[in-house]
Structures are given as C-alpha cells and as structure tokens.
Number of protein chains: 2
Amino acid sequence: MSAEDGRSSQMLRAVLQLRERLLAGGFTPGERVAELTLAPLLGVSRTPLRLALGVLEHEGLLRMLPSGGFVVRDFTTADIEDAIELRGVLEGTAARMAAERWKDARALQPMQAAVTAMDALADAGMTDFAGYVAQNEQFHAALLALAASPMLKRALAQATALPFASPSAFVRAQGEQAESQRVLVIAQDQHRCILDAISKHEGARAEALAREHARLARRNLDAALRNRAMLGAVPGAALLRPMQEDIAHARSA
Amino acid sequence: MSAEDGRSSQMLRAVLQLRERLLAGGFTPGERVAELTLAPLLGVSRTPLRLALGVLEHEGLLRMLPSGGFVVRDFTTADIEDAIELRGVLEGTAARMAAERWKDARALQPMQAAVTAMDALADAGMTDFAGYVAQNEQFHAALLALAASPMLKRALAQATALPFASPSAFVRAQGEQAESQRVLVIAQDQHRCILDAISKHEGARAEALAREHARLARRNLDAALRNRAMLGAVPGAALLRPMQEDIAHARSA
DNA sequence: CGGATAGGTATTGCATGCAATTTTTCATTA
DNA sequence: TAATGAAAAATTGCATGCAATACCTATCCG
C-alpha cells in the first residue's frame, strides 16, 4: 500500500497484500490458496510467498493441510468470543503486572496522556473518531509497556493478531451505531479506573477492570451480529463461518 | 531422532534437530546461526532450513535480525519467571472455563483418571518418576480439553513452547532434590483441588488454584538457580543469559 | 447403477544458482 | 592509538527447475 512496500522484502509485501485480501473477504473460508495462483497475483515468487503463508498461518488466518498447502481459515462466533476473552485475560494480566511493578510515577505518564486525550476528544463531541481510535491504541500500548514483560507482550501480540480480537476492532464499527456514545462513555470510564487502580498498586482491581473492558468488545460483537451493515465495518468479518450467523440469528429470538 | 524423521518433511526434520541442539546447549546465546553452516550439519537444504528457522523464531528460540538472519535468543531469569506466570494465567483461564462450561460429568473422567493415577504412583513410593511426569502431562492436557477453546489452546501451546515454561519442565529436575517429595505432595493436592473446583463449577477458585499451581514451577526455578547440578536437568537452561555472579567469576579467571 | 481403479493433471516440497546486501578485515591517516 | 575508509569475504533473499505427491477425472467392473 505505502510507497515503502517496494523497498521492503518480497515476503513482507506478500504478507501485507495477502492479509489485506483475506480480511477484505477476497477469499471464501475453507478455500485452498494455491501458490502458483497467488504468486503472479501478488507479484512475488513462490519462495517468499511460501514464507508469507507460514507467517499468516502463525497468525491464525490460514490453516495448513496435513497433505500440504494452506486453506483460508474460518471462524465461529465462539472463536471470536474466546479470542476476545483471551485478550481480556492477557490485558488483565498486563494491568495487574503494571499495578504491581511500577516504581517511578513518571512511567504512568503515557497512559495518563492517552486518557486525557480521549477525555478531550469526548468533550469535543467525538467528531475526530480516528483520533479516538489512535488514542485508544495508545492507551493499550502504554498498558503493555507498563507491564514490562516481553513474554506477555509476545502473547498479546499473537492474541490480537486475529483482526476481530484487536482492541480497536469494534470501536470502528461503533461509529455507525446510535448506541455508540453510551458505550464509549463506559469504555472511557474503564480506562480511567484502570489507570487509577494501577496508580494505587491495586493489582486485582486493575486486572478485573481490564478484563471487563475487553468484554465491551464482546457486547459490540453481539450487536454486530444482529446488524449486517455494522458487521461490514469489522475487518475479517468475511471469515466468519456463514451458517453460524444464521443459527445465532434463529436462536436469539 | 525417531525413526519417522526420515519419512516426514525435510523442514520438520530440521526443526526437530535444531531445537534439540538449541536446548542441549549446542549454541551459545546471541550466536548467529548461518544457513550455510547449518544446512550440511542438519543434512537439509537451505530452503527447508529457512522454513525451520522461521518456526523456531515463532517458538521464541531464535530472534530475527533486522538486517536478516537469525541469532540464538537468550533468556533472563525474569523472562522465565514471566513465562511461568503467563502459563499460570492461561492455565488458570483454562481451569475457569472448564469449571464454567462442562455439562456432562463424564467429561471430567480423563482428569479424574490422571489424578487417580498420580495418587497411585505417589502411594507406591514414587518409583516410576517417568510415569508421574506422563500423568502430569495428561492432567494438563485434560484441563485444556475441558476448556474447549481452540483459541486458548493455541495461546497455551505458544506459551509452553519455551522449554522452561512447560508444565513438566522442572518436575524432572525435582527428581534430583531431596525436597521433591514435599513439593510433589503439594502439587498433587493442587491437582485434586483444581478438579474439585471444576467439578463444582467454582470457576474463580479453579483459576486461582491453577495459577498457584504454576507458581510451584517458579519455586523450583529459584531452587534450580541455586543448584547448578539441578539446573542441568532443565532443558534449555543453556540459553540462560549468564548471571552476574558468573560474569564476576569469569572476570577473575 | 455404484464403486473402485487407473491415468492424467495440478500442486507442493526441495535443491541450487545468482544477485544484492551486510559484515568483516585491513590498510591508511589524523 | 583511535578513527576512517575501502575492498573483500561471507551471508542472506530470491527466482526457477525438477521430482514427488496429491487430487481429480474418466473408465471399467461387479
């Protein structure tokens, strides 16, 4: 996408292009991705493409067949719910570690800054939605940095590699809902409370709050499943197993 | 090393061989692993070797250089502690999910069987240590199966890929300590309590117990760090970043 | 008419050659 | 002596050809 793609490695270019196509719904779940088909499509040779397929398999977007080759993975709503729950558990751990470990109060500043910035954006009427998303990501990055645990960072990176498990996956979709204002008020209060708990070394409280904070995304998922238009704004929604939606629809009368 | 290696892919063979060498201390942390050096050593070509290096990087045993190539990763004691803590968090989540989700009591049977088997082995005087380790792994596998969450399974697989983070990493080393009997009694009681909590749908209790159970490994780590002979029994100990004592020792030499 | 089997096609996995880049080494100079 | 620079050596990343394997199809037999 960016001009720099040409400079970076062929493999990275393949990863970026293929990931984008996957999330945009360029493939149907379960479909086999053939190297010889993809290579000319992405403008790379088979060797770096193979590497890229391995990366995407590790991310969870592809699945390797025992007989060789890869297929596009599909996700059930239960998968997404568990992925969100898992992120909550890991971010909860990050919050607890942050609360337990920080020494110098200045370390809390980045997190404080993100909260303040989001407050300002909320007061301004939430016109700059992209800015809010960016600050939200800043908050989560600051949280992870405070935990000061490379191992946890790695685990969280893997857990949020699935697009719908990312902290800002459904925030974008929220912008299209009338209810979004209320949800964002709640989310922002949780941000404040998490920061408060961390600043007071209240590890258990910080953990519980961060977990519940992630569950906001779960609520948004449920809302999105009832609203086709909203689901379109969620990246990777195309990988949802089709039948599952209808079953959930019929069941949730 | 098994006879099947010849039948499986070159890449898998490279992964197994290289992983074994890494854990056995065949490389020094920070050392660069050159493809052209390794390829003839492992008896594979560069192409599958490259794939294998990627796998081991995902596992965390290697680190990719920005300029290309891989180096052997080193771990601090803090890394190991966090890896164990992380496993505790994830197994705690598995225990909680297991407690919350099971419907048919027969699903608990594998876990019950593992606990019973370990009880029997303990009553028999703990002569069959390998058997105990196997049953311990059975217990953890049953726990993960009960959680019924592919996402969590994936995360736990990644977290326990690091050798010293595995549930049975220090159990082996325990066999060489006089204190081991007491520790194993505690561990076995925790197994029983976790099963009890799960069987009663006591999610929070099951989670807390599983976390603390993992922390037994942390205690064993501390013991191992004070006992060089014991540390030798821990796979991957060779990847520990030399401690400050050792640096001081080397200086004086 | 259904199932099995053989043949053909397509696809993967692997080896190797080549170019580009990095790293190292060594000589030179301030 | 330390820093600088260039040249050489080594290493990676990539493309492509080939063999082995899996998949699909069509035919044959029960």
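Labels below follow one simple rule: chain letters A, B, ... track the order of the sequence lines, proteins then strands, and each chain is numbered from 1.
- R32(B) comes within contact range of the sugar-phosphate backbone alone, with a heavy-atom separation under 4.0 Å but no base atom that close.
- In this structure, L12(A) and L16(A) have side chains that are in contact, with non-hydrogen atoms separated by less than 4.5 Å.
- Protein atom CG of L42(B) is 16 Å distant from nucleotide atom C1' of dA15(C), rounded to whole Å.
- Taking atom CG on L53(A) and atom C1' on dG13(C), their separation rounds to 13 Å, with Å as the unit.
- The distance between atom CG of L49(A) and atom C1' of dC14(D), rounded to the nearest whole Å, is 12 Å.
- In terms of position on DNA chain D, the residue among V44(A) and L65(A) whose nearest nucleotide sits closer to the 5' end is V44(A).
- Atom-to-atom, CZ of R46(A) to P of dT16(C) comes out at 16 Å; the value is rounded to the nearest Å.
- Listed for the R21(B) side chain is no donor-acceptor partner under 3.5 Å among the backbone atoms of G26(B).
- In this pair, F164(B) and F75(B) present their aromatic rings perpendicular. The plane angle is above 60°, beyond the 30 to 60° band.
- The nearest whole Å value for the distance from the CG atom in L38(B) to the P atom in dA10(D) is 18 Å.
- For the pair E35(B) CD and dT23(C) C1', the interatomic distance rounds to 15 Å; values are reported in whole Å.
- Going from atom CG of L51(A) over to atom P of dA15(D) covers 11 Å, rounded to whole Å.
- Side-chain atoms of A34(B) lie closest to dT12(D) of the nucleotides dT12(C), dT12(D), dA15(D).
- As a whole-Å value, the separation of R13(A) CZ from dA15(D) C1' is 14 Å.
- You'll find that the side chain of Q10(B) is closest to dA15(C), out of dT16(D), dT11(D), dA15(C).
- Looking at heavy-atom distances under 4.0 Å, R50(B) makes contact with a base.
- The aromatic rings of H213(B) and H140(B) sit parallel to each other, their planes meeting at less than 30°, with 60° as the upper class boundary.
- Among the heavy atoms of the strands lying under 4.0 Å from S67(B) are primed sugar atoms or P, OP1, OP2 only; no base atom is included.
- Between Q158(A) and H58(A), the side chains place a donor N or O and an acceptor N or O closer than 3.5 Å (distance only, hydrogens not considered).
- A close approach under 4.0 Å does not occur between any side-chain nitrogen or oxygen of T47(A) and OP1 or OP2 of dC14(D).
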